[in-house]
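Read the structure below first, then the notes.
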Amino acid sequence: MKFSEMIYERPDMEEVKATLTSLTEALKEAGSYEEAKKVFLEEDTYVKHIHTFMTLAEIRHTIDTRDEFYDEEIRFIDGATPVFAQYMKNWNEALLNSPFRPQFEEEYGNLIFINMEMETKTFDPALIPTLQEENELTTAYEKLIASAQIPFEGEVYTLSQLTPFKSDADDERRLAAWKAEGQWYKEHQEELDGIYDKLVKVRDGMGRKLGYDGYTQLGYYRMKRNCYTKEDVEKFRDAVVKYLVPVADGIYREQAARLGKEYPMSFADNALEFRSGNPRPCGTADEILAHGKKFYDELSPETSEFFNMMLDNELLDVLSKKGKAGGGYCTSIGDYEVPFIFANFNGTQHDVEVVTHEAGHAFAGWMNRKRVPMETIWPGMESCEVHSMSMEFFAWPWAEGFFGEDTQKFYYSHLSGALCFIPYGTMVDHFQHIVYERPEMTPAERHGVWKELLGIYMPWMKLDGEIPFYAEGEGWQRQSHIYMNPFYYIDYCLAQTVALQFWAMIEKDKEDAWKHYMAYTVQGGSRVFTELLANAGLTSPFGDECLREVCGAARSWLSQFDLGGIC
């Protein structure tokens with residue numbers, strides 16, 4: 001079914017509460033595993049149906065945040081979701097305590113129970129008003145970012161639409177774009193500070209109400225960190241500083257030499273990789289999607305079926321428009337067993353990465369769409385990002401159709417960008433740990449922490465105050481995950497490390513690499529992250545070995561890559 005034909009109805013919360021209560025009681029009263037399983041499957045189908053309505057509302061709201069109907073529906077859902085969570089907790093506790101739990105674990109695996117046990121540690125009915133407040137605050141941030149109207153060169157742009165100018169080859173124009181964007185953020189500094197300050201205190205309060213020492217432990221439970229700890233993440237951060245920051249630093253020093261700039265460079269100059277301009281797609285949005293179709297048609301029978309289904313059913317909304325929320329995401333629409341991709345094409349390399357990255361997520365969802373229960377369709381966030389970041393590298397043999405004469409630039413840019421991203425993403429995670437350890441900090445103190453971390457993780461950035469907002473330690477406020485999904489960012493770094501393993505495998509034997517990718521992907525959410533990796537013959541990113549090896553391979557490739565004729 002086409003996306004435009006999918007029907008949205010506001011869930012009747014009284015009916016939802018009654019149905020979930022009835023199913024929970026039926027599970028408790030089941031006299032045999034067959035009876036319990038029948039109720040279990042009914043609940044899965046019903047919850048998938050409710051999630052479908054919520055997902056449709058969220059997608060249509062992000063496509064146009066000015067739409068009054070869906071704006072009102074999101075307000076309703078923001079208030080209803082915590083109530084829904086209370087009844088889901090009752091169901092989860094009944095399933096966890098079921099005498100038939102061993103039979104459920106034998107048929108469906110134990111991971112759903114591990115995750116349910118974590119989920120029960122994240123909720124209490126007393127938190128409902130606080131959770132509703134959290135939802136309202138994140139929606140306020142989303143709407144503020146989507147509302148941006150930035151004057152530039154006689155026109156007015158959204159944040160997404162301004163992005164191409166931020167990597168323009170003309171030094172003055174590029175700097176002016178960074179300043180224009182920074183100025184918009186500065187003008188809304190009080191709102192941004194206020195929203196985040198409230199979010200930090202709300203989340204800290206939630207953690208303490210549940211008996212934790214602040215938010216961090218609750219945040220890990222909410223992210224379902226089920227196979228690694230805060231200490232494991234700290235070890236990963238240390239390895240990033242030890243192995244990756246020096247590699248990235250070398251990349252930026254070479255970039256400064258290419259550009260004829262003094263190291264360290266400004267945010268604006270770091271955004272320009274080549275004096276002749278960054279790699280850009282060689283076609284229109286339609287042509288990019290058409291070449292994406294060619295890529296997936298030729299990659300494998302499974303990817304061909306998947307991507308044609310997406311195109312045929314209007315399941316990609318990729319053009320940047322006024323009123324559209326920023327960023328990009330992939331989600332799934334349960335009743336229809338299809339994924340959906342949301343993005344903002346803006347004429348940059350990012351447009352191609354939407355077709356590969358977000359479609360990597362969508363392909364994994366498509367391959368596992370029949371899994372029961374629905375919780376086993378998707379693995380944890382870090383595991384999901386492996387699907388997407390690795391798919392970007394599998395697209396390399398088709399790069400010329402996306403980038404034309406900029407193909408060589410793209411290869412260098414993509415690999416070096418993957419390496420340089422990890423220190424940034426790790427810094428985002430480190431920042432959040434500090435913030436939630438010290439919730440009493442003032443906005444100015446938080447900006448100071450970010451500025452200090454820039455010196456550790458991104459020493460190639462010149463902090464001279466030339467560009468408003470960014471050079472003053474405030475640039476973290478453009479990173480929506482910090483507001484919307486606390487602690488969801490180290491996932492990208494862990495996944496990028498695994499994706500670099502796939503890159504190295506592809507360089508040796510792309511058919512063999514694809515077998516490993518499919519072995520990883522078809523497991524869906526049936527295993528924890530470290531088990532998914534082991535089952536697919538991949539190395540865990542925790543500890544020194546993985547980062548040391550991928551850094552060595554990538555550094556060697558970059559040093560031998562011929563940039564002759566590219567300035």
Side-chain angles (χ1 to χ4, degrees), residues 62-66 142-192 255-256 258-262 265-288 317-328 343-354 402-406 409-410 413 417 461-472 474-480 567:
T62 54
I63 288 172
D64 186 358
T65 59
R66 303 167 302 177
E142 182 180 63
K143 292 193 71 171
L144 175 60
I145 296 301
S147 73
Q149 296 288 284
I150 304 172
F152 184 72
E153 296 185 343
E155 301 289 339
V156 177
Y157 298 92
T158 65
L159 288 165
S160 295
Q161 291 167 339
L162 185 70
T163 299
F165 300 108
K166 291 174 62 187
S167 59
D168 194 276
D170 182 274
D171 287 352
E172 291 186 8
R173 193 183 201 203
R174 186 176 66 258
L175 178 59
W178 276 84
K179 286 183 173 180
E181 184 192 57
Q183 186 58 40
W184 182 86
Y185 279 107
K186 288 298 292 182
E187 289 168 359
H188 294 83
Q189 188 78 64
E190 189 174 341
E191 292 169 83
L192 290 163
Q255 181 177 322
R258 277 199 309 274
L259 298 180
K261 299 284 185 178
E262 189 175 314
M265 297 185 290
S266 71
F267 285 81
D269 287 337
N270 274 304
L272 181 68
E273 295 177 84
F274 302 97
R275 174 48 64 194
S276 56
N278 291 356
R280 292 185 183 273
C282 60
T284 64
D286 286 342
E287 288 168 337
I288 290 170
D317 190 292
V318 299
L319 297 181
S320 183
K321 304 181 286 280
K322 291 188 186 301
K324 190 173 184 179
N344 280 274
F345 275 17
N346 53 27
T348 68
Q349 180 175 328
H350 162 80
D351 297 353
V352 174
E353 290 166 359
V354 165
F402 287 121
F403 290 98
E405 62 183 18
D406 276 357
K409 282 186 185 178
F410 164 73
S413 171
M461 291 296 187
K462 184 169 64 174
L463 304 176
D464 61 356
E466 180 184 27
I467 300 171
F469 179 69
Y470 285 99
E472 297 164 18
E474 297 159 359
W476 61 270
Q477 293 187 317
R478 59 157 294 281
Q479 190 60 65
S480 64
C567 59

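FYI, side chains are in, hydrogens and waters are out, and symmetry mates aren't considered; it's all heavy atoms of this structure.
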Show the nearest heavy-atom pair for residues [X] and [Y], with the distance to one decimal.
{"X": "Ser160", "Y": "Gly326", "result": "OG-CA, 4.2 Å"}
{"X": "Phe469", "Y": "Gly182", "result": "CB-O, 3.6 Å"}
{"X": "Leu272", "Y": "Gly277", "result": "CD1-CA, 4.0 Å"}
{"X": "Pro151", "Y": "Ala180", "result": "O-CB, 4.1 Å"}
{"X": "Pro279", "Y": "Asp406", "result": "CA-OD2, 3.4 Å"}
{"X": "Ser276", "Y": "Ala169", "result": "C-CB, 4.3 Å"}

In the structure I gave you, are the side-chain heavy atoms of [X] and [Y] within less than 4.5 Å of one another anywhere?
{"X": "Tyr185", "Y": "Glu474", "result": "no"}
{"X": "Asp64", "Y": "Lys324", "result": "no"}
{"X": "Gln349", "Y": "Ser413", "result": "yes"}
{"X": "Glu262", "Y": "Lys462", "result": "no"}
{"X": "Arg275", "Y": "Asp171", "result": "yes"}
{"X": "Lys179", "Y": "Glu466", "result": "yes"}
{"X": "Lys186", "Y": "Glu472", "result": "yes"}
{"X": "Lys322", "Y": "Gln149", "result": "yes"}

If I take atom [atom1] from residue [X] and atom [atom2] from residue [Y], how far apart are they, to the nearest 0.5 angstrom?
{"X": "Lys321", "Y": "Ile63", "atom1": "NZ", "atom2": "CD1", "result": "6.5 Å"}
{"X": "Phe410", "Y": "Glu353", "atom1": "CZ", "atom2": "CD", "result": "6.0 Å"}
{"X": "Glu287", "Y": "Cys282", "atom1": "CD", "atom2": "SG", "result": "7.5 Å"}
{"X": "Asn344", "Y": "Thr163", "atom1": "CG", "atom2": "OG1", "result": "8.5 Å"}
{"X": "Leu259", "Y": "Asp269", "atom1": "CG", "atom2": "CG", "result": "7.0 Å"}
{"X": "Gln255", "Y": "Asn270", "atom1": "CD", "atom2": "CG", "result": "6.0 Å"}

For this session: Take Ser167 and Arg280, measure what side chain to side chain contact (heavy atoms under 4.5 Å, CB included) needs, and give me the verdict at the end.
Result: CA-CA 10 Å; Ser167 59; Arg280 292 185 183 273; 3.3 Å; yes

Determine yes or no for a side-chain-to-main-chain donor-acceptor pair under 3.5 angstrom, with [X] supplying the side chain and [Y] the backbone.
{"X": "Arg174", "Y": "Asp168", "value": "yes"}
{"X": "Asp170", "Y": "Leu175", "value": "no"}
{"X": "Glu191", "Y": "His188", "value": "no"}
{"X": "Lys409", "Y": "Phe403", "value": "no"}
{"X": "Glu181", "Y": "Leu159", "value": "no"}
{"X": "Gln183", "Y": "Pro468", "value": "no"}

Problem set entry | Stepwise side chain to side chain contact (heavy atoms under 4.5 Å, CB included) check, Asn278 with Thr348 | CA-CA 8 Å; Asn278 291 356; Thr348 68; over 6 Å; no

For this session: Any chance you could lay out the side chain to side chain contact (heavy atoms under 4.5 Å, CB included) test for Ser320 and Thr158, step after step, and finish with the verdict?
Result: CA-CA 9 Å; Ser320 183; Thr158 65; 4.0 Å; yes

Exercise. With ring centroids as reference points, do Phe152 and Phe165 lie under 6.0 angstrom apart?
Worked result: yes

For this session: Inspect the surroundings of CD in Glu190 and state if more than 12 heavy atoms from other residues, nucleotides or ligands are less than 6.0 Å away.
Result: no

For this session: Describe, in one word, how the ring planes of Trp178 and Tyr470 are oriented to each other, choosing from parallel (under 30°), tilted (30 to 60°) and perpendicular (over 60°).
Result: perpendicular

